[in-house]
Amino acid sequence: MRSELFFILDGAVKTAQAEASLPKVELPPWELTPSKEESHGDYASNVALVSAPYFKMSPRKIAEILVEHLDDTNNMIEKVEIAGPGFINFFIREERWLMELAGIPEAGDDWGRINLGQGEKVQVEFVSANPTGPLHIGHARGAVIGDVIANILASAGYDVWREYYINDAGNQMQTLGRSVFYRYRELGGEKLVFPENCYQGEYVRELAKEIWEREGGKFLSQPEEEAINFFADYSGQKILEGIRADLKAFGVEFDCYFSERELYRQGAVEVLLQELTEKNFIYEEDGSRWFRSTLYGDDKDRVVVRRTGEPTYFAADLAYHLNKLSRGFKKLIDIWGADHHGYVPRIKAGLRALGYKEDTLRVILVQLVNLLRDGVPVAMSTRSGEFVTLREVLDEVGKDAARYNFLMRRSDSHLDFDLEVAKRQSMENPVYYVQYAHARICSILRMAEERGIETTGCIEKSSYRLHLPEERALIKAAVRFPEIVEGAALMLEPHRVTFYLNEVAGLFHSYYNRYRVLGENEEETQARLFLINALRVVFRNGLTLLGVSAPERM
RNA sequence: GGGCGAUUAGCUCAGGUGGAUAGAGCGUUGGCCUCCGAAGCCAAAGGCCCCGGGUUCGAGUCCCGGAUCGCCCA
């Protein structure tokens, strides 16, 4: 609807220019937005205001000319007003709104699906935690945000690929191996001081026990370095299995887990270095090889190969991004913890040096989560082994509440996650507010069926036009859903969907308390059933986008 | 010492990429179940949008400077 109106208004500009009623100059971008206030109609445009300096005319005069040139072929406009400094306010005909509403149940699960992406291949990389321990709550936020961004992009018509990158070539995996190996030796009766820089968590003991039970004490006699390799591989794999299972329970699944070792196996780092060298972006200094990232906005050049001949983590990471692009993805989206923000300029510099456009890679920084219990911070550290795992949170508060909580703030703002609050079934916990709206609608529909009222009718059957202000507001809100998906997809902001759903739920609850859907008047009942049926679709599709269930009873 | 992000109601936060009279929840106070689900609704109170400049028809939003907090790098 908005795009149709936009087309009409844009057409008016062009016609007026063709007729020389307006000067033929290029216009800056202008807007057509849903009006905030009812007296301003349904949609408002600032085109006359924005174009005034370009046309060198007064905004109101421009508005008048544009209004004269509107070609409303489908007869959707009730009236047009020029208001304030020069806004053009559009009032849409009631019939048109009902038509839009009717499109919602018709579209069903596809309501909210748009073709913004036009099938473009996009990769979302997220979580990417090293398998040195179970996922904790800090990872959970990034997991949900990545997952929902992927959902939104898919709904917006992109061809989405979800990937988890495993940094398994570095020494963290060796540390894990050593940690488990030491615990294993303890099981063999050895008294040793467990190193402080090893992983302290209970899961390390469990892995050691597992190996002991399967393999016995045979590694006690092996050289440490050899044994550690086995322990690292075994433990990493086991932990990764656990991570996968936890993520799955959290509603997050990946198309691919990509290993850093695989990257080396393919020689990707060499290819990268060669390419950078050919393009003259590499120089040597102090025995190290440096990449001139400052040429592309980084604040200093970066080492890519150390004196030892070993590529840096940065080199591998850049090679990985190049690898992604070589697989045909047109856009890359990385979800990172905000503590890695310093990394953004250098990776972007690398991609630009290799000839990719600035916006090829978009990095979403996710701020850390403060975990609280009844307002008291819960201390966490992977190394010390003190952390609340994702699994524990899931078991305690459930998937829906956990996910919804992570989606209630912008990614880049700090988030307090209170375990006790997340368990409460009140408005402190808006997930239930939205789910309740859905369940309520389902309940009404059930009741209607029990009473033998037709619930799947079409709006044309009823003479009742849903003309109440509350009904108009609900229709508009429901019709706006695809625009919300579009905005969330463009800005990569999942929280927009969350806020939207809260808003629509609020409108609905309010409406429900004030008016009866199943009332005395049959025509009215039919029309209202039609309305809430459309709302049910909006709630279900919206919640599905968030990976949250839409229960029919609660 | 440099960089990134933040600062909006008592608290936690939204405010499509500059639009008309700044919003929501929690909390506080007072109301609403004989009736489709009270996990809900209605009403009231609550604001120097951190401070100071600038850009323009118009700034919570953009630019510059400063303050405070968080993080990253030296």
Side-chain angles (χ1 to χ4, degrees), chain A residues 2 28-37 39-41 44-53 58-60 83-87 89 297-300 336-346 363 365-368 370 372 375 405 408-418 421 424-451 453 480 483-491 493 495-496 498-500 502-503 505-520 525 528-529 532 551-554:
Chain A
R2 194 182 74 102
W30 46 272
E31 285 182 330
L32 178 73
T33 53
S35 307
K36 284 178 194 158
E37 220 177 307
S39 65
H40 297 151
S45 177
N46 63 354
V47 62
L49 291 162
V50 174
S51 60
S58 86
R60 291 196 71 103
F87 288 103
N89 293 334
D298 198 2
D299 53 349
K300 57 183 211 176
W336 291 358
D339 51 341
H340 291 94
H341 74 258
Y343 238 76
V344 180
R346 68 189 81 162
V363 180
L365 296 173
V366 178
Q367 285 289 347
L368 301 181
N370 296 319
L372 308 171
N405 263 281
M408 281 170 46
R409 306 243 183 303
R410 309 173 52 96
S411 319
D412 58 7
S413 81
H414 287 274
L415 171 70
D416 290 336
F417 188 98
D418 195 309
V421 173
R424 270 175 226 153
Q425 301 190 345
S426 70
M427 248 325 274
E428 285 169 277
N429 216 350
V431 62
Y432 299 113
Y433 189 70
V434 177
Q435 288 183 322
Y436 185 52
H438 181 265
R440 238 181 184 173
I441 290 173
C442 291
S443 169
I444 299 170
L445 293 172
R446 275 196 302 272
M447 182 66 70
E449 272 177 35
E450 276 172 34
R451 295 184 191 174
I453 304 169
R480 216 172 71 226
E483 287 168 31
I484 300 300
V485 174
E486 183 182 10
L490 282 171
M491 303 302 288
E493 290 180 344
H495 75 277
R496 290 189 186 206
T498 318
F499 277 89
Y500 165 76
N502 269 308
E503 188 189 323
L507 290 173
F508 169 72
H509 285 308
S510 190
Y511 177 66
Y512 171 89
N513 271 274
R514 186 148 176 201
Y515 303 99
R516 293 189 60 80
V517 174
L518 306 177
E520 309 288 311
T525 298
R528 287 180 175 171
L529 277 170
I532 66 164
E552 300 191 357
R553 299 169 201 269
M554 293 172 69

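This is a predicted model, so every value here is computed, not measured. Below, read A as the first sequence line, B as the second, and so on, with proteins coming before strands; counting in each chain starts at 1. Keep in mind that the numbers below use all heavy atoms, side chains included, and drop hydrogens, waters and symmetry copies.
Looking at the side chain of A:Met491, the nearest of the listed nucleotides B:C36, B:A38, B:U17 is B:U17. Of the candidates B:A14, B:C57, B:U17, B:U17 carries the atom nearest the A:Arg496 side chain, counting heavy atoms from C-beta on.
The separation of B:C62 from B:A20, taken at their P atoms, amounts to 16 Å, rounded to a whole angstrom. When the C1' atom is used for both B:G27 and B:C63, the distance is 38 Å, rounded to whole Å. Rounded to the nearest Å, the gap between the P atom of B:C26 and that of B:C51 is 28 Å. Taking atom C1' in both B:U7 and B:G15, the straight-line distance is 15 Å, to the nearest Å. Nucleotides B:U28 and B:A9 place their C1' atoms 13 Å apart, quoted to the nearest Å. Distance check on atom P: B:A59 versus B:C50 gives 15 Å, rounded to whole Å. Separation of the P atoms belonging to B:G54 and B:C69 is 28 Å when rounded to the nearest angstrom. With C1' as the reference atom, B:U17 and B:G60 are 15 Å apart, rounded to whole Å.
One finds a side-chain N or O of A:Tyr433 lying less than 4.0 angstrom from the OP1 or OP2 phosphate oxygen of B:C41. Residue A:Ser510 places none of its side-chain N or O atoms closer than 4.0 Å to OP1 or OP2 of B:G40. Listed pair A:Lys36 / B:U21 fails the phosphate criterion, with no side-chain N or O lying under 4.0 Å from OP1 or OP2. Here A:Tyr512 reaches the OP1 or OP2 of B:A38: one of its side-chain N or O atoms lies under 4.0 Å away. Checking the phosphate oxygens (OP1, OP2) of B:A39, no side-chain nitrogen or oxygen of A:Tyr432 falls inside 4.0 Å.
Proximity of A:Arg409 to A:Gln367: side-chain heavy atoms (C-beta onward) are nowhere separated by under 4.5 Å. For the pair A:Asn46 and A:Phe87, the minimum side-chain heavy-atom distance is below 4.5 Å. Residues A:Leu49 and A:Trp30 have side chains not in contact (no heavy-atom distance under 4.5 Å, counting atoms from C-beta outward). For the pair A:Leu32/A:Arg2, a side-chain contact is recorded, criterion being any heavy-atom separation below 4.5 Å from C-beta on. For the pair A:Leu518/A:Leu529, a side-chain contact is recorded, criterion being any heavy-atom separation below 4.5 Å from C-beta on.
Rounded to the nearest 0.5 Å, atoms OG1 (A:Thr33) and NE2 (A:His40) are 11.0 Å apart. Here the CG-CG distance, from A:Asn405 to A:Asp418, works out to 9.5 Å after rounding to the nearest 0.5 Å.
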List every contact pair, protein side and nucleotides 72-74 of chain B side both N or O, where the distance is under 3.5 Å.
none

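A:Thr525 places a side-chain N or O within donor-acceptor distance of the main-chain N or O of A:Gly519, the cut-off being under 3.5 Å.
As judged by a 4.0 angstrom heavy-atom cut-off over every strand, A:Arg409 is placed among residues touching the sugar-phosphate backbone only. Base engagement by A:Glu37 is indicated by at least one non-hydrogen atom pair under 4.0 Å involving a base atom. Nucleic acid contact class of A:Ala439 (heavy atoms, under 4.0 Å, all strands): base. Within 4.0 Å (heavy atoms only), A:Arg514 reaches no atom of the nucleic acid at all. Among the atoms of the strands shown, none is found under 4.0 Å from any heavy atom of A:Ala52.
Under the 30°/60° scheme for interplanar angles, the aromatic rings of A:Tyr343 and A:Trp336 are found to stand perpendicular. Aromatic ring pairs are classed by plane angle as parallel below 30°, tilted from 30° to 60° and perpendicular above 60°; the pair A:Tyr515 and A:Tyr511 is tilted.
Straight-line distance from the CG atom of A:Asn502 to the P atom of B:G15: 13 Å, rounded to whole Å. Straight-line distance from the CG atom of A:Asn46 to the P atom of B:U61: 18 Å, rounded to whole Å. A:Phe499 has its CZ atom 14 Å from the C1' atom of B:G16, to the nearest Å. Atom NE2 in A:His509 sits roughly 13 Å away from atom P in B:G37 (whole-Å rounding).
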- Task: Using Watson-Crick or G-U wobble pairs with both distances under 3.5 Å, give me RNA chain B in dot-bracket, 5' to 3', with [ ] for crossers and | for pairs to another strand.
- Result: (((((((..((((.....[...)))).(((((.......))))).....(((((..]....)))))))))))).
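Applying the 3.5 Å distance criterion, the base of B:G5 shares no donor-acceptor pair with the side chain of A:Asp412. One donor-acceptor pair, N or O on each side, does fall under 3.5 Å between the base of B:A20 and the side chain of A:Asn89.
Seen from the ring of A:Tyr512, A:Arg440 counts as a face-on cation partner, given the 6.0 Å and 45° thresholds.
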